[in-house]
Amino acid sequence: MSAMDTAVSQNATVAAVAAGAGSGGLAALLPEVQMVELLVAASIFVAIHSLLQRRTQGLPTWPLVGMLPSLLLGLRRDMYEWITGVLKVRGGTFTFRGPWFTNLQCVVTADPRNLEHLLKTRFGSFPKGPYFRDTVRDLLGDGIFGADDEVWRRQRKAASLEFHSAEFRALTASSLVELVHRRLLPVLADAEASGGAVDLQDVLLRLTFDNVCMIAFGVDPGCLRPGLPEIPFARAFEDATEATTIRFITPTAVWRAMRALGVGHERVLQRCLAGVDEFAYDVIRRRKEELAAEASAGRSSSDLLTVFTKMRDEDGRPYTDKFLRDICVNFILAGRDTSSVALAWFFWLLGRNPGVEAKIVEEIEGIVAARKEAGREVEEEELVFRPEEVKRMEYLHAALSEALRLYPSVPVDHKEVVEDEVFPDGTVLKKGTKVIYAMYSMGRMESIWGDDCREYRPERWLRDGRFMSESAYKFTAFNGGPRLCLGKDFAYYQMKFAAASILHRYRVHVVEGHPVAPKLALTMYMKHGLKVTLTKRDKTNKL
């Protein structure tokens with residue numbers, strides 16, 4: 001064999017060996033390649049299966065984390081609109097499934113039949129429950145909003161007696177005249193004279209805060225003064241409600257750990273609670289000192305805090321300052337936030353619906369004209385609407401109700417079922433199930449309000465020019481059943497008096513380009529406030 005033949009033979013041998021080695025390497029990689037393919041296929045299957053569940057459950061349900069990814073996406077946009085969209089797809093009720101290791105599992109409903117079932121028919125089976133109480137306890141304590149059973153009944157009874165007393169009604173009327181004419185209107189007059197913008201939501205919050213403190217606790221915090229001074233309590237209270245709301249969308253173990261470590265929104269909450277407590281305990285201390293002085297002088301006062309200060313618990317002992325603090329905070333939440341927030345949305349809606357504003361002004365001017373015809377003097381700048389005149393403002397009442405339908409001051413509320421139940425729509429509820437009823441979404445359901453449900457149309461509340469109320473289970477802005485808001489009549493009077501007093505004198509213009517969106521909190525604050533300018537209303541041309 002020649003040298004050349006030998007070289008060729010050797011090269012062939014080397015190539016064969018190399019080929020054999022390469023074949024063996026690929027064979028060794030085959031199991032890994034197959035594993036990757038299986039993982040990809042499994043991931044695609046899980047994703048498709050989870051997304052297909054949207055049709056039957058309203059949202060994709062992923063392994064381990066459940067519907068949490070959809071919730072997080074909803075929080076990045078408008079939480080309330082996101083809930084509304086899901087409820088529409090699911091016919092008014094859906095079950096939210098959170099991560100398996102959390103308690104973020106609940107039934108969400110906007111069906112009036114279900115609301116009547118849980119708020120009235122089976123009221124005893126749907127308390128606020130321990131989950132709600134534990135979540136809001138740091139802020140609201142054992143106050144009426146989170147209380148159940150006897151603790152709730154005692155507070156409800158005492159507050160009801162006070163709300164319906166002649167002294168309380170007289171106090172609400174007189175204090176409102178004082179606040180609107182001696183504080184609110186001068187502040188608005190200064191804003192109009194300067195031509196600058198003012199945050200109307202902030203102004204209204206100051207009005208209702210001063211009002212609730214005067215009639216509920218017998219103290220005047222003086223929030224609504226020229227220059228609008230910064231009130232630390234007001235800011236602390238608003239931030240505390242926001243931080244408390246975040247707990248409802250955070251696994252309990254997580255926010256409790258954050259509280260223990262003092263980080264994140266829990267750190268904010270603890271700081272704000274210190275401000276809330278400082279104000280509340282100072283109010284209680286001063287009220288007790290005043291009551292002692294009044295007793296020595298043979299005088300007496302009539303306000304909610306005085307009533308509870310004189311009450312005794314089931315063991316015959318006076319209520320502790322801690323419990324009185326909870327009373328204060330709960331009634332501030334009820335009296336400060338709800339009316340002011342509703343009025344802010346009302347004025348924003350008027351800016352988008354000038355025809356509605358024109359009809360309200362026409363109604364107000366008709367009442368003023370009737371007073372003139374009766375031979376009574378009317379001084380425009382000092383005009384104070386009388387209670388019987390406020391009562392006759394039917395269209396204004398309808399316009400405020402329509403604003404509350406679209407933007408309820410409390411957008412969602414919570415219950416917990418204590419025994420197995422079945423909703424009228426067929427939804428099965430196991431013992432311990434948390435139930436969220438979405439008032440914001442109810443106002444946007446065609447099945448409840450018709451195809452024009454998103455339109456601001458006060459006429460839907462009128463029959464032959466008279467206001468006609470709707471079922472509390474269709475219009476739930478003031479709750480329903482045994483927990484129907486005690487201050488409903490007062491809230492309407494307060495809103496009508498303030499709105500009529502403003503609209504009679506001023507046109508309110510929302511600043512062009514001002515962003516308006518709801519804030520995630522216990523009550524539906526506007527996230528960026530409501531920046532407005534004011535112009536005096538031309539008496540020869542009411543528009």
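What's counted below: heavy atoms across the whole structure, side chains too, no hydrogens, waters or symmetry copies.
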Look only at the side chain of Asn330 and the backbone of Leu140, and say whether a donor-acceptor pair between them is shorter than 3.5 Å. yes
Surrounding NZ of Lys431 (heavy atoms of other residues, nucleotides or ligands, distance under 6.0 Å), is the total greater than 12? no
Has Glu416 got a side-chain atom pairing as donor or acceptor with Phe132's backbone, closer than 3.5 angstrom? no
Nearest heavy-atom contact between Val108 and Leu87 is O-CD2, 3.5 Å
Applying salt bridge (Lys or Arg N to Asp or Glu O under 4.0 Å), run through Asp489 and Lys391 and close with a yes or a no. CA-CA 10 Å; Asp489 291 341; Lys391 187 176 181 180; over 6 Å; no
Calculate, to the nearest 0.5 Å, the distance between atoms NZ and CD belonging to Lys157 and Glu162 respectively. 14.5 Å
Mind listing the closest non-hydrogen atom pair of Gly335 and Val212 along with its distance? CA-CG2, 3.9 Å
Out of curiosity, Phe308 CZ to Gln155 CD, how far, rounded to the nearest 0.5 Å? 5.5 Å
Over 12 non-hydrogen atoms of neighbours within 6.0 angstrom of CZ in Arg392: yes
Are Asp413 and Lys128 close enough for a salt bridge, meaning some N to O gap below 4.0 Å? yes
Does any part of the side chain of Arg133, heavy atoms only, come nearer than 4.5 Å to the side chain of Asp148, both counted from C-beta? yes
So, the side chain of Glu470 versus the backbone of Phe475: is there a donor-acceptor pair under 3.5 Å, distance only? no
Within the structure provided, determine whether Glu81 and Arg444 are in side-chain contact (heavy-atom separation under 4.5 Å). yes
Side chain to side chain donor-acceptor pair (under 3.5 Å), that's the test. Do Asn114 and Thr427 meet it? Break it down for me. CA-CA 9 Å; Asn114 294 346; Thr427 303; 5.0 Å; no
Rounded at 0.5 Å granularity, tell me how far CD1 in Ile436 sits from OG in Ser441. 11.5 Å
Can you see which heavy atom on Ala240 is nearest to which on Leu139, and at what distance? CB-CD1, 4.0 Å
Looking at every non-hydrogen atom in both residues, tell me the closest pair between Lys527 and Pro518 and how far apart they are. CE-O, 3.7 Å
Could you give me the CA-CA distance, side-chain angles and deciding distance for Arg325 and Asp321, then say whether salt bridge (Lys or Arg N to Asp or Glu O under 4.0 Å) is met? CA-CA 6 Å; Arg325 172 265 182 211; Asp321 284 358; over 6 Å; no
Please report the interatomic distance CD1(Ile502) to CZ(Phe497), rounded to the nearest 0.5 Å. 10.5 Å
Whether Phe478 and Tyr492 hold their rings parallel, tilted or perpendicular, with breakpoints at 30° and 60°: tilted
Start with the C-alpha gap between Leu486 and Ser160, add the side-chain angles, then the distance that decides, and say whether side-chain contact (heavy atoms from CB on, under 4.5 Å) holds. CA-CA 7 Å; Leu486 284 170; Ser160 179; 3.8 Å; yes
Count the heavy atoms belonging to other residues, nucleotides or ligands that lie under 6.0 Å from CD of Glu512, then report whether that count exceeds 12. no
Keeping the roles fixed (side chain from Asn353, backbone from Gly355), state whether a donor-acceptor pair exists under 3.5 Å. no
Check whether any side-chain heavy atom of Glu421 sits under 4.5 Å from a side-chain heavy atom of Phe423, and report yes or no. no
Can Leu333 and Thr241 be said to form a side-chain contact (heavy atoms from CB on, under 4.5 Å), step by step? CA-CA 9 Å; Leu333 179 64; Thr241 64; 4.3 Å; yes
A side-chain contact here means heavy atoms from C-beta on lying under 4.5 Å apart; do Arg460 and Arg405 qualify? yes
Would you say CG of Asp451 has more than 12 non-hydrogen atoms from neighbouring residues, nucleotides or ligands within 6.0 angstrom? no
Decide whether Thr109 and Asp111 meet the rule of one side-chain donor and one side-chain acceptor closer than 3.5 Å. no
Is it the case that Lys415 places NZ or CZ above or below the six-membered ring of Phe126, under 6.0 angstrom from the centre and within 45 degrees of the axis? no
Quick check, are the ring centers of Phe96 and Phe248 under 6.0 angstrom apart? no
Value rounded to 0.5 Å, distance of CD in Glu238 from CG in Asp337: 7.5 Å
Main-chain N/O of Phe346 paired with Tyr407 side-chain donor or acceptor, under 3.5 Å: no
Indicate yes or no: at least one non-hydrogen side-chain atom of Phe145 is less than 4.5 angstrom from one of Val136. no
Can you check side-chain contact (heavy atoms from CB on, under 4.5 Å) on Leu305 and Cys328, steps first, answer last? CA-CA 7 Å; Leu305 182 56; Cys328 288; 4.1 Å; yes
Donor-acceptor contact below 3.5 Å, side chain Trp255 vs main chain Ile249: no
What verdict does the side-chain contact (heavy atoms from CB on, under 4.5 Å) test give for Tyr456 and Leu350, after you've listed the backbone C-alpha separation in whole Å, the side-chain angles of each residue and the deciding distance to 0.1 Å? CA-CA 9 Å; Tyr456 180 61; Leu350 287 190; 4.2 Å; yes
I want to check something: taking the side chain as every heavy atom from C-beta on, are Leu530 and Trp345 in contact at a cut-off of under 4.5 Å? no
Please check if the side chain of Thr245 supplies one atom and the backbone of Leu522 the other of a donor-acceptor pair under 3.5 Å. yes
Test side-chain contact (heavy atoms from CB on, under 4.5 Å), reference Gln494, set Thr338, Val390, Ile215, Leu176, output is Leu176
Who pairs with Asp138 by salt bridge (Lys or Arg N to Asp or Glu O under 4.0 Å), at least two apart in sequence or on another chain? Arg247, Arg259
Strictly under 6.0 Å, is that where the ring centroids of Phe279 and Phe237 end up? no
Of all the heavy-atom pairs spanning Glu242 and Lys519, show the shortest one and how long it is. OE1-CE, 2.9 Å
Trp152 ring center near Phe123 ring center (under 6.0 Å): yes
I'd like to know if Glu362 and Lys359 make a salt bridge, using a cut-off of under 4.0 Å between side-chain N and carboxylate O. no
Restricting to non-hydrogen atoms, name the atom on Gly275 and the atom on Ala236 that form the minimum distance, rounded to 0.1 Å. CA-CB, 4.4 Å
To the nearest 0.5 Å, tell me how far Met495 CE sits from Ser339 OG. 5.0 Å
Looking at Glu394 and Arg466, would you say the former's side chain and the latter's main chain have a donor-acceptor pair under 3.5 Å? no
Donor-acceptor contact present, side-chain Thr476 to main-chain Tyr473, <3.5 Å: no
Would you say Thr208's side chain and Leu204's backbone share a donor-acceptor pair under 3.5 angstrom? yes
Check: Lys434/His414 side-chain N/O donor and acceptor closer than 3.5 Å: no
Less than 4.5 Å apart, side chain to side chain, heavy atoms only: is that true for Leu269 and His265? no
Are there over 12 heavy-atom neighbours, none belonging to Arg153, within less than 6.0 Å of that residue's CZ? yes
Under 4.0 Å between a Lys/Arg side-chain N and an Asp/Glu carboxylate O for Asp210 and Arg206? no
Under 4.5 Å between any side-chain heavy atoms of Asp149 and Pro127, yes or no? no
